[in-house]
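Keep in mind that what you see is a predicted model, and the values were worked out from it rather than measured. Residues take their numbers from the sequence shown, with the count starting at 1.
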Amino acid sequence: MKRVLTIQDISCLGKCSITIALPVISALGSEAVILPTALLSTHTMFNGFTVKDLSDQIEPIVAHWKQEDVRFDCIYTGYLGSIEQIDQVKEIFRTFRREDTVIFVDPVMADNGKLYPTFDMDYVRKNTELCREADIIVPNITEACLMTDMEYRVDHDEKYIRELMDRLCEFGAKITVLTGVCLEPGMTGVMGYDRDKDEFFLYQNRKIDATFHGTGDLFSSTCVGEIMKGRDWRDAMRIAADYTAHTIEVTMKDPKKPWYGVNFEETIPYLVNAE
Ligand code: PXL
């Protein structure tokens, strides 16, 4: 069985980061090992959330794993707490990276043209450094614009997306994926670039007029789980995009849906059977 280390926060309530990564990666048949970066009462879209930084736990946990000679097939990072933590994560890459370890970085820090509360431009620069060490990066358009110094545009055309992709590809990842790419009315999806094959990939599916929290984490966790299943990265992205859209649709039909996240629990059977 493949073993995935995921490094992100625990938002106790809120259906994002580790509380999505764990069930999704497990459902797709890989062992999910967690390294929590911070403990929050909720995600940061709630008012009055509490945060306990867990940076001081990282070193002893990693030291113990080294003693146990633990190996990972993938290291997947999402929301990290601080600039110092990004240095700790880089060190973890150095410690556990083997020839066939997939380093998957989702530089979670912004959406819809805005940085999340708690982050600033120094954090953006540091997250850019982390992306330079990855095999696969999956920023959304807002994160990509911040990291490449481009203007954020809600309405975009292919020329704009290509320019953004060109700048992102300079980070040197084997696979560069930009999410939230809308190139046809009513559609949204991803554009990817495979460095070794020098090939672009565009996948568009129906755009649902709603934004829900945690859907980026759902997309990334699904990609990781599918890649660990041996799926080609293009198929993994297609399945993840379809699964995310399907989950949003199912959530919208629930009159009792919570405002803070999607009903991914209901759609796990769909995911497990996705081809
Ligand atoms: O879904 C991304 C995410 C993860 N973790 C925390 C967040 C967010 C987005 O706001 O606040 C704590």
Look at atom [atom1] of [X] and say whether more than 12 heavy atoms of other residues, nucleotides or ligands are closer to it than 6.0 Å.
X: K229; atom1: NZ; answer: yes
X: D149; atom1: CG; answer: no
X: E59; atom1: CD; answer: no
X: D56; atom1: CG; answer: yes

What's the shortest heavy-atom distance between [X] and [Y], and which atoms?
X: I18; Y: P36; result: CD1-CA, 4.0 Å
X: R97; Y: A134; result: NH2-C, 4.3 Å
X: F264; Y: T247; result: CA-CG2, 3.6 Å
X: L168; Y: P139; result: CD1-CG, 3.9 Å
X: N127; Y: V108; result: ND2-O, 3.9 Å
X: I208; Y: A245; result: CD1-O, 3.1 Å

Between the side chain of [X] and the main-chain N/O of [Y], is any donor-acceptor distance below 3.5 Å?
X: T142; Y: G113; answer: yes
X: T19; Y: C16; answer: yes
X: D157; Y: Y160; answer: yes
X: Q85; Y: G81; answer: yes
X: S220; Y: D217; answer: no
X: S30; Y: S26; answer: no
X: H156; Y: V181; answer: no
X: N140; Y: T179; answer: no
X: S41; Y: T50; answer: yes
X: Q88; Y: S55; answer: yes

Note: with side-chain heavy atoms under 4.5 Å as the link, the other cluster members for F49 come out as L40, V51

Give the other cluster members for I136, using side-chain heavy-atom distances under 4.5 Å between Ile, Leu, Val, Met, Phe, Trp and Tyr residues; answer none if it is isolated. V4, I25, Y76, V102, F104, V138, I175, V177, V190, F201, Y203, F219, V224, I227, M228, W233, M237

Applying side-chain hydrogen bond (donor to acceptor under 3.5 Å, both in side chains) to D69 and not counting sequence neighbours gives R71

Give me the ring orientation class for H213 and Y116: parallel if the planes are under 30° apart, tilted from 30 to 60°, perpendicular past 60°. tilted

Look at the aromatic rings of H43 and W259 and report parallel, tilted or perpendicular, splitting at 30° and 60°. perpendicular

Hey, mind stepping through E170 and R167 against salt bridge (Lys or Arg N to Asp or Glu O under 4.0 Å) and telling me if it holds? CA-CA 5 Å; E170 283 172 16; R167 293 192 192 192; over 6 Å; no

Tell me, with the steps shown, if T215 and T244 meet side-chain hydrogen bond (donor to acceptor under 3.5 Å, both in side chains). CA-CA 6 Å; T215 49; T244 307; over 6 Å; no

Can you check side chain to side chain contact (heavy atoms under 4.5 Å, CB included) on D87 and E91, steps first, answer last? CA-CA 6 Å; D87 281 325; E91 187 54 35; over 6 Å; no

Quick one about T42 and S11 (side-chain donor to acceptor, distance below 3.5 Å, no hydrogens or angles considered), yes or no? no

May I ask you to check whether T101 and E99 show a side-chain donor-acceptor distance below 3.5 Å? no

Decide whether [X] and [Y] are clustered together by the hydrophobic rule: side chain heavy atoms of Ile, Leu, Val, Met, Phe, Trp, Tyr closer than 4.5 Å, transitively.
X: I10; Y: L218; result: no
X: L22; Y: L80; result: no
X: L115; Y: Y123; result: yes
X: M150; Y: M165; result: yes
X: V33; Y: F93; result: yes

With salt bridge (Lys or Arg N to Asp or Glu O under 4.0 Å) as the rule and sequence neighbours excluded, what pairs involving [range] come up?
range: residues 240-260; answer: R206-E249
range: residues 136-147; answer: none
range: residues 3-22; answer: R3-E31, K15-E265

Criterion side chain to side chain contact (heavy atoms under 4.5 Å, CB included) on E199 and R234, from CA distance to verdict: CA-CA 11 Å; E199 264 174 27; R234 296 166 194 78; 3.1 Å; yes

Would you call R195 and C169 a side-chain contact if the rule is heavy atoms closer than 4.5 Å? no

Answer whether the closest heavy-atom distance between the side chains of K207 and E184 falls below 4.5 Å. no

Report the residues that fulfil salt bridge (charged side-chain N to carboxylate O under 4.0 Å, His left out) with E129, sequence neighbours left out, ordered by chain and then residue number.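 Partners of E129 by the salt bridge (charged side-chain N to carboxylate O under 4.0 Å, His left out) criterion, ordered by chain and then number, come out as K90, K126.
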
Residues in salt bridge (charged side-chain N to carboxylate O under 4.0 Å, His left out) with D235, at least two apart? R238

One pair to check against salt bridge (Lys or Arg N to Asp or Glu O under 4.0 Å): K2 and D100. What are the steps and the verdict? CA-CA 12 Å; K2 300 279 182 171; D100 51 358; over 6 Å; no

Sorted by chain and number, sequence neighbours left out, ring-ring contact (aromatic ring centres under 6.0 Å, His included) with Y79 holds for F119

Those residues at least two apart in sequence (or on a different chain) that pass ring-ring contact (aromatic ring centres under 6.0 Å, His included) with F212 are none

I would like to know whether D155 and R153 meet salt bridge (Lys or Arg N to Asp or Glu O under 4.0 Å); could you show each step before the answer? CA-CA 5 Å; D155 296 317; R153 285 194 215 148; over 6 Å; no

Worked verdict on C145 versus E151 for side chain to side chain contact (heavy atoms under 4.5 Å, CB included): CA-CA 6 Å; C145 284; E151 180 202 356; over 6 Å; no

Is there a side chain to side chain contact (heavy atoms under 4.5 Å, CB included) between I7 and T37 once you walk through the steps? CA-CA 7 Å; I7 312 175; T37 53; 3.6 Å; yes

Could you list the donor-acceptor pairs under 3.5 angstrom formed between side-chain atoms of residues 268-275 and any protein atom two or more places apart in sequence or on another chain?
residue: N273; atom: ND2; partner: P269; partner atom: O; Å: 3.0
residue: E275; atom: OE1; partner: R231; partner atom: NH1; Å: 3.2

Can you tell me which residue pairs pass the ring pair (Phe, Tyr, Trp, His ring centres under 6.0 Å) test with a partner in residues 170-198, sequence neighbours excluded?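 For residues 170-198, and leaving out neighbouring residues, the ring pair (Phe, Tyr, Trp, His ring centres under 6.0 Å) pairs sorted by first residue read Y193-F200.
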
